[in-house]
Amino acid sequence: MFKKLTVFSFFIIFMMSCHSGMNKENLIGDWHYTKVEYTNKSMQDVSPDISEQKPYFSFHADGKAEIYSSGKVLSHGTFTLENNIIRYEEVLDGGVKRKIPFLIKELDGNHLVFETMQAPQQRITALKGK
C-alpha cells in the first residue's frame, strides 16, 4: 500500500511540474509574434506575413490585455489563465464582449507557443519583448 501511495504521489508531483510554467506571472509582458501558421497543413501557403505588421500580444498584471499590429491596438480586453488556456475577453465597439480562448502549447521563459481554438486554427510562436 505504501509503495502505491508513493508512486501515486510522485505521479501527481510530476504532473504538476509539467505545468509549472503556466502561471499568470510568466505570461505578463509583450509577446512579439515570430511565426504564425495554420494547424491545417493544407492552408500553410496562406499563412500571414508578419514581418511588416509586427504583431504582438500584451498581457498586464491587472488582467488587461491588448493585441497590436502595425503599431496600433487591434484589440483590447481582459484575460484570465485557466491551466493552459488563456481566456481573452475582447471588448468591441459599443461595449459588446467576445470571448476568445487560446491554448498554450509551450511557455518557457521568453518563449511562448499558443493556438487559437476557433477555426481556422492558427499556431503562434512568440518571444517576450523588453
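Atom set for the values below is all heavy atoms of this structure, side chains included, hydrogens, waters and symmetry mates excluded. A quick note: this is a predicted structure, and the numbers were derived from the prediction, not measured. Numbering of residues begins at 1 and proceeds along the displayed sequence.
The salt bridge (charged side-chain N to carboxylate O under 4.0 Å, His left out) pairs that include a residue from residues 85-103 are Glu82-Arg87, Glu90-Arg98, where partners are two or more places apart or lie in different chains.
In this structure a side-chain-to-backbone donor-acceptor pair under 3.5 Å is present from Thr34 to Thr125.
Tyr33 meets the side chain to side chain donor-acceptor pair (under 3.5 Å) test with no other residue; sequence neighbours excluded.
Relative orientation of the Tyr68 and Tyr56 rings is parallel, given thresholds of 30° and 60° on the angle between their planes.
Contact detail for Lys24 and Leu81: the closest heavy-atom pair is N-CD2, 3.5 Å. Heavy atoms only, all atoms of each residue included: Met117 and Gln121 are closest at CA-NE2, 4.1 Å. Here the closest heavy-atom approach between residue Ser75 and residue Tyr88 is recorded as OG-OH, 2.7 Å. Heavy-atom minimum distance, Phe79 versus Ile28: CZ-CD1, 3.9 Å.
By the rule that hydrophobic residues join a cluster once side-chain heavy atoms approach within less than 4.5 Å of another member, Val113 and Ile85 end up as members of separate clusters. Clustering ILVMFWY residues whenever any of their side-chain heavy atoms sit less than 4.5 angstrom apart, transitively, puts Ile86 in the very cluster that holds Leu74. Residue Leu127 is not grouped with residue Phe114 when hydrophobic side chains (ILVMFWY) are merged at heavy-atom distances under 4.5 angstrom, including chains of intermediate members. Linking Ile, Leu, Val, Met, Phe, Trp and Tyr whenever their side-chain heavy atoms come within less than 4.5 Å leaves Leu103 and Ile124 in two separate clusters.
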>> Applying side chain to side chain contact (heavy atoms under 4.5 Å, CB included) to Asp30 and His32, what does each step give before you reach the verdict?
In response: CA-CA 6 Å; Asp30 295 342; His32 298 267; 3.8 Å; yes
>> Evaluate Asn84 against Leu107 for side chain to side chain contact (heavy atoms under 4.5 Å, CB included), listing each step before the verdict.
In response: CA-CA 9 Å; Asn84 61 338; Leu107 176 55; over 6 Å; no
>> Applying side chain to side chain contact (heavy atoms under 4.5 Å, CB included) to Met22 and Asn83, what does each step give before you reach the verdict?
In response: CA-CA 6 Å; Met22 304 292 179; Asn83 295 319; over 6 Å; no
> Where do Thr116 and Phe102 land on the side chain to side chain contact (heavy atoms under 4.5 Å, CB included) test, with the steps shown first?
Replying inline: CA-CA 5 Å; Thr116 59; Phe102 298 98; 3.8 Å; yes
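Here the CD atom belonging to Glu115 is positioned 5.0 Å from the NZ atom belonging to Lys105, to the nearest 0.5 angstrom. Between Asn26 atom CG and Ile104 atom CD1 the span is 9.5 Å, to the nearest 0.5 Å.
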Atom pairs and distances, donor-acceptor, side-chain atoms in residues 59-66, under 3.5 Å, two or more places apart:
{"unit_1": "His60", "atom_1": "NE2", "unit_2": "Ser58", "atom_2": "OG", "d": "3.4"}
{"unit_1": "His60", "atom_1": "NE2", "unit_2": "Glu66", "atom_2": "OE1", "d": "2.7"}
{"unit_1": "His60", "atom_1": "NE2", "unit_2": "Glu66", "atom_2": "OE2", "d": "3.3"}
{"unit_1": "Asp62", "atom_1": "OD1", "unit_2": "Lys64", "atom_2": "N", "d": "3.1"}

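Within a 6.0 Å radius of CD in Gln118, more than 12 heavy atoms belonging to other residues, nucleotides or ligands are found.
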